Amino acid sequence: MVNLSFLLCFSEGGNKYKISSPMKELPEQEDLNFDKEDDIVYGVPAEEDGPRRYQSSNSSSSSCSGLASGVLSENNGLVGLRNIGNTCFMNSVTQCLSNTRFLLEYLVRDGFTSDINTTISTMKGDLVKAFANLMSDMWSEGGDTSRALNTGPFKSQIQRFAPAFSGYQQHDAQEFLRKLLEGLHEDVNRVTAKPRPITEDIDDDLDDTQKAMESWKRYLRYDDSKIVDMFVGQLKSCLQCSICGHCSVTFDPFWDLSLPIPSKSGQVRLTQCLDLFTKEEVLDGDERPTCSKCKERRKMTKSFSIQKFPKVLVLHLKRFSPLERWRGKLSCTVEFPLETLDLSKFASSSSTSPFYNLIGVANHSGTTYSGHYTAYCKHPYSGTWHEYNDSRVSNISTSRVCSPEAYVLFYEMASTSSKL
């Protein structure tokens with residue numbers, strides 16, 4: 001258990017909330033010696049002699065020629081990550097992504113180096129190279145569950161991209177995941193020059209499918225990468241006027257869905273959380289929007305549905321409230337399926353019926369002020385489940401995967417079938 005001796009930050013639905021704590025803060029050890037304890041350090045190749053395999057580099061011209069050759073097999077990938085000072089949030093997310101087959105194979109097998117963006121990317125490829133090196137070392141030949149990798153060089157790159165993660169404070173796993181995926185996407189963005197902005201609204205005479213396609217096309221003008229191909233979906237939002245009945249439709253991309261939990265205790269089902277997320281909301285009084293047809297502020301209903309489903313669906317369970325500062329954490333059990341999650345009920349089109357299989361869970365134990373992150377992950381090649389608790393890796397049964405500590409769920413699309 002790690003005491004959160006820091007300024008705690010957590011996020012709900014994109015809103016950041018901070019709580020001050022008087023507890024003593026860990027020292028910011030920027031010059032940690034990563035050669036200690038026989039841990040494997042990854043990065044770009046080191047030239048000097050010594051036990052180190054790789055060293056990190058902050059240079060934007062770093063080469064990827066020294067990437068470790070990860071071996072993607074059912075015998076590998078079972079490697080722990082050292083906690084180098086309240087970094088369990090980073091370790092749990094990294095383990096979930098390491099067991100995400102689409103991302104793993106892209107970084108370790110498929111030669112992402114040809115996609116590196118050196119023009120408009122903030123990191124010029126340094127972040128994706130550091131993360132790929134880490135993934136490759138995690139999947140090196142002869143996986144040994146007793147060894148643990150040092151994440152220091154990767155951490156130095158993510159905190160260059162997102163300074164909020166500097167130092168050795170605890171952070172919210174969902175916030176970290178969002179920022180990491182954003183940085184990886186930037187580094188391999190296919191868009192190498194900023195396009196001219198489109199100022200015209202999407203033609204209201206188009207049908208919803210055409211509007212969705214045009215909206216997605218406009219999004220890809222700025223953000224188009226293999227990371228987007230894997231993780232980004234599209235939400236449909238409908239505002240319906242109570243007077244004229246006109247429905248104003250907009251489409252927005254999403255990297256994850258933050259789901260409210262309808263109960264403070266006991267057990268609820270994941271579909272109940274999705275029901276609450278997509279539930280029709282009445283906007284009245286000061287919240288009344290302007291109807292695009294009436295040209296007047298009207299009472300309206302607002303509803304969400306999913307227009308485009310991503311290959312990897314990330315679901316964030318909102319256990320912490322951004323509005324009720326002292327409410328504490330919702331510790332009820334949210335029951336979720338390990339296989340065949342059917343989301344057809346929440347699709348905007350009745351012609352698609354996506355199914356998802358669970359591949360990872362980032363868990364949070366403890367309270368709002370003191371907690372610890374672990375991960376449960378399904379091996380992408382053996383299909384067995386393992387618990388990743390910083391440097392320790394152990395087998396777990398499927399009956400343990402669903403627990404009151406589940407915080408971020410990772411689902412992989414299994415199939416998309418048409419309804420008759």
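The model shown is predicted, which means the values in this text are computed figures rather than measured ones. Below, all heavy atoms of this structure are taken into account, side chains as well, without hydrogens, waters or symmetry copies. All residue numbers in this chain count up from 1 along the given sequence.
The main-chain N or O of Thr118 is never found under 3.5 Å from a side-chain atom of Ser121 such that the two would form a donor-acceptor pair. A donor-acceptor pair under 3.5 Å is absent between the side-chain atoms of Ser370 and the main chain of Thr367, judged by distance alone. Of the possible polar contacts, none joining the Asn86 side chain to the Gln169 backbone as a donor-acceptor pair under 3.5 Å is found. Distance alone, capped at 3.5 Å, is enough to place a donor-acceptor pair between the Ser403 side chain and the Glu405 backbone.
A pairwise comparison of heavy atoms in Gly167 and Lys155 identifies O-NZ, 2.6 Å as the closest pair.
Between Lys311 and Asp229 there is no salt bridge, since no side-chain N of the basic residue sits under 4.0 Å from a carboxylate O of the acidic one. Ion pairing of Lys211 with Glu214 is absent here, as no side-chain N (NZ or NE/NH1/NH2) approaches a carboxylate O to less than 4.0 Å. Salt-bridge formation is not detected for the pair Asp390/Arg82: no Lys NZ or Arg NE/NH1/NH2 atom is positioned less than 4.0 Å from an Asp or Glu carboxylate oxygen.
With respect to His316, the ring-ring contact (aromatic ring centres under 6.0 Å, His included) criterion is satisfied by exactly one of Trp255, Tyr407, Phe176: Tyr407. For the side chain to side chain contact (heavy atoms under 4.5 Å, CB included) with Asn117, the qualifying choice from Thr192, Thr122, Val188 is Thr192, the only one to do so. Tyr388 pairs in a side chain to side chain contact (heavy atoms under 4.5 Å, CB included) with only one of the listed residues (Asn99, Asn363, Thr374), which is Asn99.
The shortest side-chain heavy-atom distance between Val232 and Pro310 does not fall under the 4.5 Å cut-off. Looking at heavy atoms from C-beta onward, Leu103 lies in side-chain contact with Phe131 at the 4.5 angstrom threshold.
Residues in residues 208-235 take part in these ring pair (Phe, Tyr, Trp, His ring centres under 6.0 Å) pairs, two or more places apart or across chains: Trp216-Tyr219.
The ring-ring contact (aromatic ring centres under 6.0 Å, His included) test applied to Tyr373 returns His364, not counting sequence neighbours.
You'll find the ring centres of Tyr376 and His386 outside the 6.0 Å limit.
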Between Leu81 and Leu134, does a side-chain contact (heavy atoms from CB on, under 4.5 Å) hold up when you go through it step by step?
CA-CA 10 Å; Leu81 301 174; Leu134 171 56; 4.0 Å; yes
Before giving the answer on side-chain contact (heavy atoms from CB on, under 4.5 Å), spell out for Leu341 and Phe355 the whole-Å C-alpha distance, their side-chain angles and the decisive distance to 0.1 Å.
CA-CA 5 Å; Leu341 171 64; Phe355 293 92; over 6 Å; no
Gln272 vs Ser263, side-chain contact (heavy atoms from CB on, under 4.5 Å): CA-CA, chis, key distance, verdict:
CA-CA 10 Å; Gln272 290 176 285; Ser263 172; over 6 Å; no
For residues 276-284, dump all side-chain donor-acceptor pairs below 3.5 Å to protein atoms at least two apart in sequence or in another chain.
residue: Thr278; atom: OG1; partner: Leu274; partner atom: O; Å: 2.9
residue: Thr278; atom: OG1; partner: Asp275; partner atom: O; Å: 3.4

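A 6.0 Å sphere centred on CZ of Arg269 holds no more than 12 heavy atoms belonging to other residues, nucleotides or ligands.
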